[in-house]
There are 2 protein chains.
Amino acid sequence: MPNQVLDKRQAARVNIGESLGMKGSRKVVNITRLRQACRTCSLVELCLPMGLTSDDIQQLESIVKVKGPLEKGAHLFREGDSFQAIFAVRTGALKTYSLDADGREHVLGFHLPGELLGFDAIYPRYNRCSAMALADTSVCVLPFNQLADLAQKVSGLQATILRLMSKNLSISANLATDHTAEERLAGFLLSIAQRTGEGSELRLVMPRRDIASYLRLATETVSRLLARFQQEELLEVHRKRVRLIDLDGLRDLGGSFEIADRTRQRSGYQ
Amino acid sequence: MPNQVLDKRQAARVNIGESLGMKGSRKVVNITRLRQACRTCSLVELCLPMGLTSDDIQQLESIVKVKGPLEKGAHLFREGDSFQAIFAVRTGALKTYSLDADGREHVLGFHLPGELLGFDAIYPRYNRCSAMALADTSVCVLPFNQLADLAQKVSGLQATILRLMSKNLSISANLATDHTAEERLAGFLLSIAQRTGEGSELRLVMPRRDIASYLRLATETVSRLLARFQQEELLEVHRKRVRLIDLDGLRDLGGSFEIADRTRQRSGYQ
DNA sequence: CGAGTACTTGACCCAGATCAAGCCATGTGG
DNA sequence: CCACATGGCTTGATCTGGGTCAAGTACTCG
């Protein structure tokens, strides 16, 4: 099992050039492994299923730059920065957050390997939130103007961007609905399990405080609920290590909060 | 004042063909009046500021159909319907909502004249929510495939769609953050005031129950807070009629929850 | 004018926040 | 290799914003 996890990490470390090359013509790589590594809002989803020619792929590749490593606690961008690019997480993880008038931090999202961030800044042309590395992190930079120009030429790319933004919209809308602490946390754990592809053996990169903020709960509530879930034999938890035991039980609790499942099923991509 | 309100209603009643014609070549209409009518996520925003040629405009016009009138309580679409089109509200108003596992209704959004809905269905290719008319309502139908094809040709249209979706994303993300009942309601009232362009004299088309559901509050809490705001001389309320008196006071309460303001300022369009 | 529905108001209650210790992993310097 | 400091995590005690339940009241529409 630890081996498998390592494999996935390795796969996620493939840069976007290589992942595109695969679908094109240049290099043969184990696609299943890559898919496993990059599940949600992923480069795979961005690059693979949209019928690009290898020429299109070269073009996309040419506008992408790698940035990093960004060390834990460093910012990728800050609230108020002018908007330049969409980012794709390669390794590590980021949180996006904003500060309200009273200086309270609100975590808006977590961004795991293979996921994209920055779409919310297109409209106002400046970043509405800050993005901080939760661990040492490297990202791909997709300069937005060039990306948009390319999407103009490549219909599959436009379609993919629209779908990704639509998906983000659903996730946010779902997060905005009214659920109990129990539902939120169960749904959150299921979503992390799915997005990391780690199966039932999770390592939570983010501290409790951030999980709590994201789910609009107090840190203590998250802690207590995890303890209760453990007592009810839904999972085992020790600090950052979580082992999901009763997935169906968790789904019963968090099903209506969990979103990725339903969208995944219909999307047509494993 | 009532006259002015009537003017705006009239203006909103202009169909999309006419509004496009204006910018193109066919018909001269008071653009300021139209802008006033369609403020947020509006057809105006969709059609005006993106440098379309009158030829492009004709094409856009040709794919748009008018649908309605839809009478109060009727559905424009239902959860699970396959996704076909984006809609633009011409007159009236809609709410979007979904039902959770226990059959509880969650209101996801209100859609006023000039606003678009349906973006969240692009990704899963089916509607994630139902849309019901809150009053007699007519809409423009923008078949998505044709719209996407056209966006492929017209870069301004693609850019506009991306911006609109980005904006929706910000609104949802903001709604998902943690705020008190007071902040939510104050922010909501300010946002309605802004979006309807009615100034401080509002007519709430939606019942208390729906406002409450949207803001994740109990109906009684909304009622009580309105009573309290009135007592504190922030506003006057009588059933569906609300007159905002102390806008600054409301902004102090709801400022960090209200989103439209900030995005508007930076967007470059009045 | 009567019935139904939306809204308001009051009394009470509870999920989850806040406050307050303690605990335990990791790092740091001696 | 061990104090001991630091910050994340847990656990207990208490508090409270807003939910729930229960009447009323007042529009609205047939």
Atom-to-atom span, CZ of B/Arg239 to C1' of D/dT28 - whole angstrom: 10 Å
Length of the line joining A/Arg104:CZ and C/dT18:C1', which is rounded to integer Å: 14 Å
Under-4.0 Å side-chain N/O to phosphate OP1/OP2 contact, A/Arg208 with D/dT10: yes
Proximal nucleotide (of C/dT9, C/dC7, C/dG16) relative to the B/Ala227 side chain: C/dT9
Nearest-Å distance for atom pair CG/P, residues B/Leu185 and D/dG19: 12 Å
Heavy-atom closest pair, residues A/Leu112 and A/Val89: O-CB, 3.4 Å
Spacing of A/Met206 atom CE relative to D/dC9 atom C1', expressed in whole Å: 16 Å
Sole candidate of B/Thr219, B/Leu226, B/Leu225 that passes side chain to side chain contact (heavy atoms under 4.5 Å, CB included) when paired with B/Val222: B/Leu226
Contact under 4.0 Å: B/Arg209 side-chain N or O vs C/dA6 OP1/OP2: yes
Nearest-angstrom distance from the residue atom CG of B/Asp210 to P of C/dA6: 9 Å
Distance, rounded to the nearest Å, where A/Leu204 contributes CG and D/dG8 contributes C1': 13 Å
OP1 or OP2 of C/dG16 under 4.0 Å from side-chain N/O of A/Thr221: no
Distance below 4.0 Å between B/His238 side-chain N/O and D/dC27 OP1 or OP2: yes
Smallest separation among heavy atoms of B/Asp120 and A/Ser170, with atom names: O-OG, 3.4 Å
Phosphate OP1/OP2 of C/dC7 contacted by B/Lys240 side-chain N/O (<4.0 Å): yes
Of the listed nucleotides D/dT20, D/dC9, C/dT18, the one nearest the side chain of B/Ala218: D/dT20
Euclidean distance, atom CG of residue A/Leu253 to atom P of C/dA15 [Å, nearest integer]: 15 Å
Sugar-phosphate, base or nothing in reach of A/Arg216, heavy atoms under 4.0 Å: sugar-phosphate
C/dG10 base / B/Arg224 side chain donor-acceptor hit below 3.5 Å: yes
Distance-only polar pair, side chains of A/Ser138 and A/Arg90, donor-acceptor under 3.5 Å: yes
Value in whole Å for how far the C1' atom of C/dC7 lies from CD of B/Gln230: 13 Å
Heavy-atom pair with the smallest gap, counting every atom of B/Ala85 and B/Val141: CB-CG1, 3.6 Å
Donor-acceptor pair (no angle test) under 3.5 Å: B/Glu220 side chain, C/dC7 base: no
Candidates D/dG19, C/dT9, C/dA17 - which lies nearest the side chain of A/Leu217: C/dA17
